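Beneath this line is the structure, given in structure tokens, with notes to follow.
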Amino acid sequence: MHPHSPAATGLTRRGVLVGTAAFAGAAATATAPAAEAAPGRPARATVFKNVRPYGAKQPTDLVAVDGLLTSGPAPHGAEVVDGGGRIALPTLVDAHIHPDKTAWGEPWVSRNPAGSIAEYAEEDVKLYHALRTPLKERAERLMGHAVTRGTRAMRAHADVAPAFDLAGVEGVGSARRNLRHALDVEIVAFPQHGVIRTPGTRELLEEAARTGAVDRIGGIDPIGFDEALDEQLDVVFGIADRHGVGVDIHLHERAATGLESLRAIIARTRALSLQGKVTVSHVFCLPGLPGRELDQLAAELADAGISLTTVAPSSDLVLPIDRLRAHGVEVGLGSDGVRDSWSPFGNADMLHRAHLLAWVGDARLDEELEAAFRTGADGGARLLGLPETDLKPGSPADFLLVRGECLPQILVDLPQRDLVVRAGRVVARDGELTGR
């Protein structure tokens with residue numbers, strides 16, 4: 001959907017969220033992510049010749065040894081890939097995506113009317129039973145597609161509810177294993193149907209965490225949807241505390257309701273010493289807050305080590321990223337749902353999502369466009385505890401190559417990702433995965 005198109009009549013995914021919240025080169029065989037060379041094992045090395053980091057006027061070589069960029073000469077026998085003068089940019093991180101729900105690559109699905117989170121959740125169940133391709137194959141297809149577009153890591157939310165049992169967690173887990181050479185994945189057990197309002201959900205969340213199948217436990221609108229603020233947060237934070245996992249809560253609630261939920265999340269994070277392990281997604285109650293109130297709340301979030309994610313849905317719902325970061329709050333960018341029962345839109349292309357972030361933020365200046373890209377690359381990396389990629393010696397050798405003039409122009413024009421590199425090995429070329 002064009003981010004500046006008029007709101008469609010009727011009920012849309014965006015509407016319900018607002019409403020309920022009030023290259024060419026030699027082929028390479030990819031391997032596991034960066035690791036130190038084992039004693040006696042030859043270094044794994046590739047030289048990417050004739051590339052222009054961030055659009056530098058003069059091309060240079062990027063030398064990757066055992067998954068990291070180095071300033072030293074390449075070891076004897078290193079593979080050589082000619083970049084053809086292309087621009088090298090860091091690959092990006094999708095901090096919020098739902099690969100279990102996707103119909104990406106399936107025959108066209110006509111969606112039914114829905115007007116609330118509960119109704120959309122019912123449509124999720126119908127689509128789950130209607131699609132013939134197993135969930136794990138659909139999730140892996142979408143996650144592999146994300147790699148070809150330059151995604152190096154993602155936080156994947158998988159629905160957990162009696163209607164699905166743990167099929168979503170298991171399917172995304174299978175995709176994570178099959179794509180581990182190309183993609184880092186965190187999995188969130190996400191209670192789309194509610195934690196308290198749907199009996200059996202809390203037990204499934206507990207099982208997912210106890211068995212080590214997930215990295216985080218999710219929650220959703222404790223007041224506006226679950227209608228049980230304390231009870232939901234007690235369950236979610238209790239599971240996280242018992243099993244040593246993180247938390248990522250969807251918060252679509254706006255105004256006073258959203259602020260009440262957010263402050264309760266801050267309080268529990270402090271009480272359980274979970275600083276650095278809690279994320280709140282969407283957080284529609286923050287945009288539009290008066291400056292002084294926003295600054296105070298941002299300081300509280302930073303003190304509690306709580307990070308946030310946005311999917312840049314519109315100019316009035318995107319988070320005030322610059323102001324939040326000025327207070328030390330980390331903010332990541334995500335795709336959200338991709339061609340699921342909620343919406344026919346989405347493409348799991350994080351360069352495109354950074355483009356949308358710049359668009360809804362009315363970016364004009366080069367530095368504003370670059371900042372949107374950095375949110376998609378560095379912001380997500382910090383959220384997932386990954387090292388940032390800056391294409392300097394010591395940086396992870398995770399980057400993409402594209403034809404273009406400079407970073408701002410690439411963000412606007414969205415050229416094809418000709419080559420995607422993960423830990424110094426080519427994992428995708430010309431929009432296709434290259435294998436393992």
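The model shown is predicted, which means the values in this text are computed figures rather than measured ones.
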Over 60° means perpendicular and under 30° means parallel, so classify the ring planes of Tyr120 and Trp342, tilted if in between. parallel

Between Lys136 and Glu170, does any NZ, NE, NH1 or NH2 come within less than 4.0 Å of an OD or OE carboxylate oxygen? no

Atom of Thr279, atom of Ser307 and distance for their closest heavy-atom approach: OG1-OG, 2.7 Å

Using atom types as modelled and distance alone, determine if a side-chain donor or acceptor of Arg197 lies under 3.5 Å from a backbone N or O of Gly194. no

Identify whether the distance between the nearest side-chain nitrogen and carboxylate oxygen of Asp184 and Arg152 falls below 4.0 Å. no

Only residue of Thr91, Asp430, Asp349 satisfying side-chain hydrogen bond (donor to acceptor under 3.5 Å, both in side chains) with Arg417 is Asp349

Side-chain donor-acceptor pair under 3.5 Å between Ser261 and Asp221, yes or no? no

Under the side chain to side chain donor-acceptor pair (under 3.5 Å) rule, what pairs show up with a residue in residues 207-220, not counting sequence neighbours? Arg176-Asp215, Glu186-Arg216

Side-chain donor-acceptor pair present, Thr389, Asp398, cut-off under 3.5 Å: no

Less than 4.0 angstrom from a charged side-chain N to a carboxylate O is my criterion; do Arg155 and Asp248 meet it? yes

Would you please indicate if the ring centroids of His250 and Phe225 are separated by under 6.0 Å? no

Check: residues 407-414 side-chain donor-acceptor pairs under 3.5 Å, at least two apart:
from, atom 1, to, atom 2, distance (Å)
Gln409, OE1, Glu405, N, 2.7
Gln409, NE2, Asp413, OD2, 2.9

Check the orientation of His355 and His352. Use parallel for under 30°, tilted for 30 to 60°, and perpendicular for over 60°. parallel

Could you walk me through whether Lys277 and Val247 pass side-chain contact (heavy atoms from CB on, under 4.5 Å), step by step? CA-CA 6 Å; Lys277 298 187 70 173; Val247 172; over 6 Å; no

So, His98 and Gln192: side-chain donor and acceptor under 3.5 Å apart, yes or no? no

For residues Thr133 and Glu106, is any side-chain donor paired with an opposing acceptor at under 3.5 Å? yes

Under the side chain to side chain donor-acceptor pair (under 3.5 Å) test, residues paired with Glu231 that sit two or more places apart: Arg202

